[in-house]
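Below: one structure, written as structure tokens.
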Amino acid sequence: MSAMRHLLDLCKRRGFLFQSAEIHGGLRGAYDYGPLGVELKRNVSQEWWNSMVYQRSDVVGIDTAIITPPAVLKTSGHVDQFTDEMVDSRLSKERFRPDKAPALKLDDHHPQGLILPISAPDKITAKVWEHDIRTQFARGAAITRKGKEILLQVERMEKDKIVLKKDDRATITTLDPTDLHIPYHGYVDPNSNSPFLTESRPFNLMFKTYLDPIDPIDKVITTTLDAQKTPSTSDLTSTRQLVDKTLHPSLTYLRPETAQGVFINYATVQRSHPHLKIPFGIAQIGKSFRNEIRLEHAIFRTPEFEQMELEFFVAPWQAEEQFESWRKFRMDWWRYYGRNHDRIRERPHAQDELAHYSSGCVDVEYLFPWGWGEVEGIANRGDFDLSKHSEATGIKLQYTDAILMQERQAREKATGVKETDVEALARERFTPHVVESSCGLNRAMLALMLDAMEVVDERGKAIPFEGSEGDNNNTNTENTTVHVSKGVRTIMRLHPRLAPVKVGIMPLISNNKDLVEMCTGISQSLRQELQVNVSMETQSTTIGKRYYRMDEIGTPWCVTVDFESLQDRMVTIRERDTGEQRRVSVDEVVDLVRNGLRLVPRATQNKQQKTISV
Ligand code: ATP
């Protein structure tokens, strides 16, 4: 079973993640977080907030509206430029992003020579596709079909085209030789390896919505019908312009990122918090929406997702140093909560990937089962955002160094001479530059779960996942499948602070009133004193099975109450990562858990589970 399938099965079975609206047939890309998922997600976002806001004196938080007026997103460039290129596969009609699509795969070991294999989902579809290729996309080409695979013989590859071999038996007399020249731009349909594609075209990712009690479709119909009555407005472009004009007063967008809410509040936050001196940051966690061309890998890419973003405002001359320091800070965060440090890396953007205003950007990437994928972007954005909003509104979004200003004013008063040194004045008042850290909460959660998940055999020995899963234009083939057999079980080695349940409390005999009563007491103390999520495990299965159930959801500690506990008030505490069991006084439990949850370097990192006899 693949790592991703294994995780998604576990998520569904144990209540981390459900397909949304499943009882109504589901909605692609929409997920609901179950009782454990919601805890894990809250913990990840809380750890982010702790490190970005509570543990620093230079960052404050904010929570801004999701529904955003067009002026904000026009100014930020999203209305005109927040586009991805989109391509349609002419065979499958699937849409995809060419920048994420794989390169063509050819088989050069085939007895028929160089072969371009196209994989259909099933045999019937393969027949239909073969017919489409023969009659529309490559008339006269040498084609064979083997089950779900359509095999095209390739004459040669040129820089921007694939030249297919002609079928010598073809009876087509009207064949144009260019029918066998297939344009190639470096990518193919990710699912089928088909090079039969439409031209790429830009697609704006923002969701529009209309704040209006009148159904916008009624307005569209009325405006269109009116436009058709006059010849000068009846063409498509003029009608579209009239429709846009009619809808514009009520047009709004669902924000595609949380960052703009921070930029437009730069001045209000600064005025309300005058103690904030540059450099300082504003953090926000919230939902963002993108009409993604291709939804993929469960919660990795969804239309609705949460972002954890920090905009750190700095003086222009501090930007470079602050960018470097945030890179390090964020990588340290990832390494602290992740176990496999070789699966997390920084990827600096190449010059041609950078936004025109950005002078540096790195993606933090995790090695997912299908290859490296971005989990966070850290960028040195210059003064682009504040300058643009300032230009559009006429409101100065600047920072004034009050001390420098007072000192200058005092000097001017003393000397009677107005100072005009441009450089000195620019250090006193300037438009701040921004260093941004933008992390996807759902993606972070997926990465941290995959990172924590370990499958072990009956002796507790880790079983590696084998083989590669999918192809995301990544050459790196991680081990991703494992054979699940009897005795094999999963341990979610989540950092204790992320674990959805901190302690599993279990009476040795689940229906014994005295044992249950003592368990309830322990659980109450933990809930009240530490405000943590604990779970009373009173199923009538063996303690061993109950421990394994707790391991599977990442619970770092289990506490077992047995008959001796009633006499000596000693209980067994078991650690998930080592399997170690100790007898401790019931009065120590809260302190042990409190200590275990303190922010200290992971002691048990990468340790293997020991075999335990229970
Ligand atoms: P990608 O290249 O994967 O589309 P991006 O570069 O567009 O990502 P950013 O705009 O930098 O992403 O957004 C910051 C973070 O938000 C990403 O690193 C990712 O973790 C998260 N994110 C972006 N789009 C999505 C999405 N559709 N679903 C889930 N998380 C997302």
Side-chain angles (χ1 to χ4, degrees), residues 17 20 27-31 33 37 41 44-45 48 52 73 76-78 81-86 95-101 190 202-207 254-263 283-311 326-327 330-331 333-334 338 344-350 352-355 357-358 360-368 370-381 384-385 434-450 472-474:
L17 201 61
S20 190
L27 176 65
R28 226 162 78 81
Y31 288 89
Y33 291 82
K41 186 147 71 73
V44 174
S45 68
W48 186 91
M52 302 298 260
L73 296 163
S76 64
H78 285 85
Q81 281 155 23
F82 195 57
T83 53
D84 276 338
E85 287 296 308
M86 172 170 78
R95 291 215 158 129
F96 63 90
R97 275 172 64 174
D99 61 328
K100 305 266 177 203
F203 170 82
N204 194 298
L205 298 181
M206 286 197 296
F207 282 105
L254 300 185
R255 68 180 175 201
E257 60 175 30
T258 62
Q260 295 307 319
V262 171
F263 297 132
Q284 164 152 237
I285 298 180
K287 288 218 169 177
S288 294
F289 299 82
R290 295 182 189 180
N291 197 0
E292 295 278 1
I293 294 166
R294 196 177 159 84
L295 304 167
E296 54 187 358
H297 310 307
I299 55 171
F300 179 81
R301 190 181 301 284
T302 50
E304 172 183 347
F305 58 99
E306 279 170 78
Q307 287 184 307
M308 309 186 284
E309 293 197 295
L310 169 80
E311 308 304 325
W326 278 103
R327 270 172 81 161
R330 291 301 304 152
M331 280 305 285
W333 188 89
W334 279 101
I344 191 94
R345 73 173 186 193
E346 272 187 307
R347 188 184 66 83
H349 278 207
D352 61 352
E353 269 184 283
L354 289 177
Y357 50 81
S358 171
C361 186
V362 291
D363 284 349
V364 179
E365 295 188 328
Y366 182 75
L367 184 55
F368 288 96
W370 57 90
W372 290 99
E374 174 186 333
V375 286
E376 172 169 351
I378 303 161
N380 185 351
R381 299 175 64 96
F384 177 79
D385 306 280
V434 171
V435 174
E436 175 184 81
S437 144
S438 173
C439 182
L441 172 54
N442 320 69
R443 259 189 217 182
M445 183 176 154
L446 180 63
L448 290 164
M449 277 198 285
L450 283 162
N472 203 26
N473 208 12
N474 280 292

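In listed order, ligands and their atoms are each counted from 1. A quick note: this is a predicted structure, and the numbers were derived from the prediction, not measured. Just so it is clear, the values below take in all heavy atoms, side chains as well, and ignore hydrogens, waters and symmetry mates.
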Any side-chain heavy atom of [X] within less than 4.5 Å of one from [Y]?
X      : Y      : value
Arg301 : Arg443 : yes
Met206 : Leu73  : yes
Thr258 : Ile285 : no

By number and element, which atoms of ligand 1 are closer than 4.0 Å to a non-hydrogen atom of [X]?
X      : value
Val375 : 18 (O), 20 (O)
Thr302 : 26 (C), 27 (N), 28 (N)
Glu376 : 18 (O)
Glu292 : 24 (N), 26 (C), 27 (N)

request  = Check if Arg97 has a non-hydrogen atom at a distance under 4.0 Å from any atom of ligand 1.
outcome  = yes

request  = Look at ligand 1 and say whether Glu309 reaches it with a heavy atom at a distance under 4.0 Å.
outcome  = no

inquiry  = Please verify the inter-ring angle class for Phe384 with Tyr357; under 30° counts as parallel, over 60° as perpendicular, anything in between as tilted.
reply    = parallel

request  = If you have a sec, work out which protein heavy atom is nearest atom 13 (O) of ligand 1 and how many Å separate them, to one decimal?
outcome  = Gln307 NE2, 3.4 Å

key: Within 45° cone and under 6.0 Å: Arg347 NZ/CZ vs Trp372 ring   = no

key: Glu296 and Trp370: side chain donor to acceptor below 3.5 Å   = no

task = For ligand 1, find out whether one of its N or O atoms is nearer than 3.5 Å to an N or O atom of Phe305.
result = no

